[in-house]
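To start, the structure under review is shown below, and the notes come after it.
Note that the structure is a prediction, hence the values are computed from the model and not measured.
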Amino acid sequence: MRKTFSFPSMTPSIQPFRRLLLTGAAGGLGRVLRVRLRPFAEVMRVSDRAPLGEAAAGEEVVPCELSDALAVRKLFEGVDAAVHFGGISLDGPFEPILQSNIVGVYNVYEAARRIGVKRIVYASSNHVTGFHRQSDRIDVDKPMRPDGLYGVSKCFGESLSRYYFDRYGIETVCLRIGSSFPEPKDRRMLSTFLSYDDLVELVRCALFAPSPGHTVIYGVSDNTGAWWDNTKAAHLGFKARDSADAQRPRVEALSPALDPRDPAAIYQGGPFVRAGPFED
Ligand code: NAI
Ligand code: 15L
């Protein structure tokens, strides 16, 4: 990272990173970040195993399978910082989750260690704590209670990044993202919604916070009735500007209330808690 940049600033007068890596750039959130993080780097290196199209000005397109250690090491060459959003994003059979989210995140941290990358923003998930009740308000010191193999893989990523900070000094901000879509799609998302603008601001704060060490933060907009308390990550300076509240009438009209005995209505992970079992 260049020393001359003074943060935080929404519109940096110089680009603070020489080369910023974005994994998962072909995905739903990756396509948003690919465009919106562009002002923060001289070169944005965008990567995925899915097609990424042509490189735009100031971009490098580097296809990469995250489970391939050598390919990931090459992917990290010349990189200052990484925004790691690549991986399986839903619950399902173990083998793909193992390869993408467990082997993949290990390859990412090993490459960062070897190359000397000092800051990673890691897309974790609210499903790390999906078996806490919707009636509880929790913070990051509450125990992990993953609601599936996908959630377990994100617990692994959080623990691995903690280890790489304590042992090797690689700073990570783990984003326990709620539900980040163009708009909330069901009643649960009235609590868990993270707007794209708030997502971009959260990633910006995670990239530029002076000394985050290893920080875990929930990625959630300013929704009334949100379940997550981010007080312990206040040093990142993230302040959500959006809220799902105005969407409540539309969402309630289109999605009927669940039976209150339905586990999806009891636990924070919603339908994830009753998904599976999955077989490879
Ligand atoms: P997505 O499924 O649309 O995108 C994930 C991307 O990762 C895909 O383009 C896929 O091709 C790529 N990928 C998967 N396995 C790979 C591998 N082995 N090698 C290379 N690329 C691989 O997911 P989305 O919604 O964009 O989420 C991005 C990240 O944020 C994911 O890590 C997800 O777990 C996390 N997240 C997203 C939430 C949301 O509300 N959208 C909520 C919580 C977490
Ligand atoms: C996630 O972790 C998923 O990646 C995303 O697709 C949503 O399902 C989200 O959680 C959610 O909890 O709504």
Looking only at atom types and distance, does a side-chain atom of S191 sit under 3.5 Å from a main-chain N or O of G225, one as donor and one as acceptor? yes

So, H132 side chain and P143 main chain: donor-acceptor pair closer than 3.5 Å or not? yes

Full working for side chain to side chain contact (heavy atoms under 4.5 Å, CB included) between R167 and R113: CA-CA 10 Å; R167 177 66 180 82; R113 180 186 69 76; over 6 Å; no

Short question: side chain of T23, backbone of F85 - any donor-acceptor pair under 3.5 Å? yes

Go through D242 and S221 one step at a time and tell me if the side-chain hydrogen bond (donor to acceptor under 3.5 Å, both in side chains) criterion holds. CA-CA 6 Å; D242 293 326; S221 287; 5.3 Å; no

Please check if the side chain of R38 supplies one atom and the backbone of A57 the other of a donor-acceptor pair under 3.5 Å. yes

Among pairs that include at least one residue of residues 100-121, which meet ring-ring contact (aromatic ring centres under 6.0 Å, His included), considering only residues two or more places apart or in two chains? Y109-Y164

Stepwise, does the side chain to side chain contact (heavy atoms under 4.5 Å, CB included) test hold for V105 with Y122? CA-CA 9 Å; V105 76; Y122 171 57; 3.9 Å; yes

With R261 via side-chain hydrogen bond (donor to acceptor under 3.5 Å, both in side chains) - residues at least two apart: D259

Would you name the heavy atoms of K142 and I138 that are closest together and state the gap between them? CG-CB, 3.7 Å

Carboxylate-amine/guanidinium contact R241 D197, below 4.0 Å: no

Minimum side-chain heavy-atom gap D262-R274 below 4.5 Å: yes

Looking at R162 and E158, is there a salt bridge between them, counting it only when a charged N and a carboxylate O are closer than 4.0 Å? no

Apart from V35 itself, what residues make up its hydrophobic cluster when side-chain heavy atoms of I, L, V, M, F, W and Y under 4.5 Å apart count as a link, directly or indirectly? none

For the aromatic rings, using the six-membered ring if either is Trp, is the centroid distance between F131 and Y267 under 6.0 Å? yes

Heavy-atom distance under 4.5 Å between the side chains of N223 and S243, does that happen here? yes

Between D80 and R119, does any side-chain N to carboxylate O distance fall below 4.0 Å? no

Inter- and intrachain pairs under side-chain hydrogen bond (donor to acceptor under 3.5 Å, both in side chains), touching residues 87-98, at least two apart: E95-Q99

Positive for ring-ring contact (aromatic ring centres under 6.0 Å, His included) with Y218, one of W228, W227, F193: W228

Would you say the side-chain atoms of R34 pair up with the backbone N or O of L52, donor to acceptor, closer than 3.5 Å? yes

Are the side chain of K232 and the backbone N or O of I217 linked by a donor-acceptor pair below 3.5 Å? no

Evaluate salt bridge (Lys or Arg N to Asp or Glu O under 4.0 Å) for K74 paired with E77, printing each intermediate quantity in order. CA-CA 5 Å; K74 286 194 184 129; E77 276 169 13; over 6 Å; no

Check: R187 side chain, V251 main-chain N or O, donor-acceptor pair, under 3.5 Å: no

side-chain hydrogen bond (donor to acceptor under 3.5 Å, both in side chains) contacts in which one or both residues fall within residues 48-58, not counting sequence neighbours: R49-E65

Looking at every heavy atom in both N126 and G178, which two are closest together, and how far apart are they? ND2-O, 3.0 Å

Can you find a heavy atom in the side chain of F17 that is under 4.5 Å from one in the side chain of V79? no

Considering only heavy atoms from C-beta outward, does the side chain of M44 approach that of L22 to under 4.5 Å? yes

Strictly distance-based, threshold 3.5 Å: is any side-chain N or O of Q268 a donor or acceptor partner for the main-chain N or O of R133? yes

With distance as the sole test, does R73 use its side chain to make a donor-acceptor pair with the main-chain N or O of I115 at under 3.5 Å? no

Sub-4.5 Å side-chain heavy-atom contact between R36 and V203: no

Using side chain to side chain contact (heavy atoms under 4.5 Å, CB included), reason through L202 and I177 one step at a time and then give a plain yes or no. CA-CA 10 Å; L202 181 58; I177 301 167; 5.5 Å; no

Close side-chain approach of H235 and T215, heavy atoms under 4.5 Å: yes

Is there a donor-acceptor pair under 3.5 Å between the side chain of D280 and the backbone N or O of F94? yes

Test side chain to side chain contact (heavy atoms under 4.5 Å, CB included) on E171 and K118 and set out the steps. CA-CA 6 Å; E171 294 187 308; K118 288 293 175 205; 5.9 Å; no

Under the side-chain hydrogen bond (donor to acceptor under 3.5 Å, both in side chains) rule, collect the residues that match up with T224, sequence neighbours excluded. D245

I'd like to check R188 versus S179 (side-chain heavy atoms, cut-off strictly below 4.5 Å). Are they in contact? yes

Heavy-atom check, side chain of K239 versus side chain of C205, under 4.5 Å: no

